[in-house]
Engineer: 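Handing you a structure now.
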There are 2 protein chains.
Amino acid sequence: MTGDEQLDAAFSALAHPTRRAILARLAKGTATVNELAEPFDATLPAISKHIRVLEAAGLVTRGKDAQFRPCALDAKPLEAVSNWTDQYRFIWEARFDAMDRILNGMKETPDE
Amino acid sequence: MTGDEQLDAAFSALAHPTRRAILARLAKGTATVNELAEPFDATLPAISKHIRVLEAAGLVTRGKDAQFRPCALDAKPLEAVSNWTDQYRFIWEARFDAMDRILNGMKETPDE
DNA sequence: TGATTAATTAACTAAATGGTATAATATGTC
DNA sequence: GACATATTATACCATTTAGTTAATTAATCA
């Protein structure tokens, strides 16, 4: 998988609120599929699919314990997401700097 | 739009490599739709649709200059993405810390 | 063995996505 | 007004996504 494809997979996995909620749950520790499904209205197969999407993006790993499939968070791909986003940090921060100057009645380009 | 919906829109807008490339181009300054389309194989309507997706996510704003629609980057939603991702930073960093300890032959839990 | 529990697979549906080709709209120019 | 350029709108197609219900696989338990 290329870097682009990893980002594609990570971003589209993160684009669904249920999947982000699953990650939030897993940040507190591993959980079985049933435990992950419990807070949601969706059926078990639906959650199973969500987990598979997260797994394909490398965000979740699944173990095997008797008939249980304990899921664990792997936050590594989020580092790539964070690095990508950070490329633009100076832009949104610049925007705030500009707004600060406006709010403070300063000139946008100080000339003295 | 709720915070969840904003994240949904941002993450799914960012999930396509063409759209990320468009943002990268806009980071260097505004551009017309034709200019944005130039590096890609896709047809103009396809690029137009991508821009609309970015616009819906609040990542791009469009102006009006004669028959041109100059596009500009608005990185603000990326701050929300960054903040969301940062919740998990301690996890992926902990992973590296653990790996560092292993690579350096240190104990995982120092006891002296 | 038979029943129960955990999870996945299969088959299906509705809607969204990403793309195309072609037509339409709007603006500037000759 | 006629023409060229920039962009969007329409209509269409193929694929993917998100969900369902019902059936199936695995493992435990009684």
Side-chain angles (χ1 to χ4, degrees), chain A residues 1-2 4-26 29-73, chain B residues 1-2 4-26 29-73:
Chain A
M1 209 167 22
T2 74
D4 244 34
E5 286 167 340
Q6 287 178 324
L7 281 177
D8 291 356
F11 277 125
S12 69
L14 298 175
H16 198 292
T18 298
R19 289 195 290 260
R20 291 197 303 277
I22 289 173
L23 293 183
R25 166 62 189 80
L26 289 177
T30 64
T32 67
V33 177
N34 268 291
E35 285 167 348
L36 290 173
E38 193 274 324
F40 303 103
D41 283 341
T43 59
L44 211 53
I47 302 298
S48 204
K49 283 187 182 184
H50 281 307
I51 295 172
R52 177 178 304 185
V53 172
L54 292 167
E55 204 178 11
L59 287 159
V60 162
T61 56
R62 254 188 285 210
K64 196 170 189 175
D65 175 17
Q67 70 265 61
F68 305 89
R69 296 296 132 81
C71 299
L73 174 61
Chain B
M1 204 165 31
T2 74
D4 242 35
E5 286 167 342
Q6 287 177 328
L7 281 176
D8 290 357
F11 278 125
S12 70
L14 297 175
H16 198 292
T18 298
R19 290 194 290 260
R20 292 197 303 277
I22 289 173
L23 294 183
R25 165 64 188 80
L26 289 177
T30 65
T32 67
V33 178
N34 268 294
E35 286 166 347
L36 290 174
E38 194 274 323
F40 302 104
D41 283 342
T43 59
L44 212 54
I47 302 298
S48 202
K49 282 188 181 182
H50 281 306
I51 294 171
R52 175 177 304 183
V53 172
L54 291 166
E55 204 178 10
L59 287 158
V60 161
T61 57
R62 253 188 286 210
K64 196 171 189 175
D65 174 17
Q67 70 265 61
F68 305 89
R69 296 297 132 81
C71 299
L73 174 62

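Chain identifiers are assigned alphabetically (A, B, ...) following the order of the sequence lines, protein sequences preceding nucleic acid strands; residue numbering begins at 1 within each chain. All figures in this text were calculated on a predicted structure; none of them were measured in a lab.
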Engineer: Tell me the interatomic distance from Leu44(A), atom CG, to dA22(D), atom P, rounded to whole angstroms.
Structural biologist: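 Rounded to the whole Å, the gap is 15 Å.
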Engineer: Would you compute the distance between atom CD of Glu35(A) and atom CD1 of Ile22(A) and round it to the nearest 0.5 angstrom?
Structural biologist: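 So the gap between those two atoms works out to 12.5 Å.
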Engineer: With a 4.0 Å cut-off on heavy atoms, is Ala66(A) in touch with a base, just the backbone sugar-phosphate, or nothing at all?
Structural biologist: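 Contact class for Ala66(A): sugar-phosphate only.
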Engineer: If you define the side chain from C-beta out and look only at heavy atoms, does anything of Leu26(A) sit under 4.5 Å from Cys71(A)?
Structural biologist: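 Contact flag for Leu26(A)/Cys71(A) side chains = yes.
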Engineer: Please work out if Thr32(B) contacts a base, only the sugar-phosphate, or nothing of the nucleic acid, heavy-atom cut-off 4.0 Å.
Structural biologist: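 Counting heavy atoms under 4.0 Å across all strands, the contact made by Thr32(B) is with sugar-phosphate only.
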Engineer: Kindly compute the distance separating OG1 (Thr30(B)) from CZ (Arg69(B)), expressed to the nearest 0.5 Å.
Structural biologist: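 One finds 14.0 Å between OG1 of Thr30(B) and CZ of Arg69(B).
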Engineer: Under a 4.5 Å cut-off applied to non-hydrogen side-chain atoms, are Arg19(B) and Val53(B) in contact?
Structural biologist: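 With C-beta onward as the side chain, the pair touches.
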Engineer: Just the rounded figure in Å: distance from P of dT7(D) to CD1 of Ile47(B).
Structural biologist: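 One finds 12 Å between P of dT7(D) and CD1 of Ile47(B), rounded.
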Engineer: What's the CD1-C1' distance between Ile51(A) and dA7(C), to the nearest Å?
Structural biologist: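 In whole Å, dA7(C) C1' lies 9 Å from Ile51(A) CD1.
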Engineer: Rounded to the nearest Å, what distance is computed from the CG atom of residue Asn34(B) to the P atom of nucleotide dA6(D)?
Structural biologist: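 Going from Asn34(B) (CG) to dA6(D) (P), I get 5 Å.
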Engineer: Any donor and acceptor pair, going by atom type alone, linking the side chain of Arg25(B) with main-chain N or O of Arg20(B) inside 3.5 Å?
Structural biologist: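 No, because the side chain of Arg25(B) does not come within donor-acceptor range (under 3.5 Å) of the backbone of Arg20(B).
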Engineer: To the side chain of Val33(A), which of dA27(D), dT8(C), dA6(D) is closest?
Structural biologist: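 It is dT8(C).
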Engineer: What is the distance from NE2 of His50(A) to C1' of dT16(D), rounded to the nearest Å?
Structural biologist: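 In whole Å, dT16(D) C1' and His50(A) NE2 are 14 Å from each other.
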Engineer: For Lys49(B) and dA11(D), give me the distance from atom NZ to atom P, rounded to whole Å.
Structural biologist: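 Rounding to the nearest Å, NZ of Lys49(B) and P of dA11(D) are 13 Å apart.
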Engineer: Taking only side-chain nitrogens and oxygens of Arg52(B), does any of them come within less than 4.0 Å of OP1 or OP2 of dA9(D)?
Structural biologist: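 So the side chain of Arg52(B) is within the cut-off, an N or O lying under 4.0 Å from OP1 or OP2 of dA9(D).
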Engineer: Report yes if at least one side-chain N or O of Arg69(A) is closer than 4.0 Å to OP1 or OP2 of dA27(D); otherwise report no.
Structural biologist: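 Checking dA27(D) against Arg69(A), no side-chain N or O comes under 4.0 Å of OP1 or OP2.
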Engineer: Between atom CD in Gln67(B) and atom P in dC3(D), what is the gap in whole Å?
Structural biologist: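 After rounding, the gap between these two atoms is 18 Å.
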Engineer: Starting from the 5' end of DNA chain D, give me the residue, His16(A) or Asp65(A), whose nearest nucleotide shows up first.
Structural biologist: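 Checking each residue's closest nucleotide, the 5'-ward one belongs to His16(A).
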Engineer: Rounding to a whole Å, what distance do you find between Arg62(A):CZ and dA7(C):P?
Structural biologist: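 In whole Å, dA7(C) P lies 10 Å from Arg62(A) CZ.
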Engineer: Does a side-chain N or O of Ser48(A) approach OP1 or OP2 of dA7(C) to a distance below 4.0 Å, or not?
Structural biologist: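 Checking Ser48(A) against dA7(C): no side-chain N or O falls below 4.0 Å of OP1 or OP2.
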Engineer: Pro45(A) has a side chain; which of dA22(D), dG19(C), dA7(C) sits nearest to it?
Structural biologist: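 In terms of side-chain proximity for Pro45(A), the closest of dA22(D), dG19(C), dA7(C) is dA22(D).
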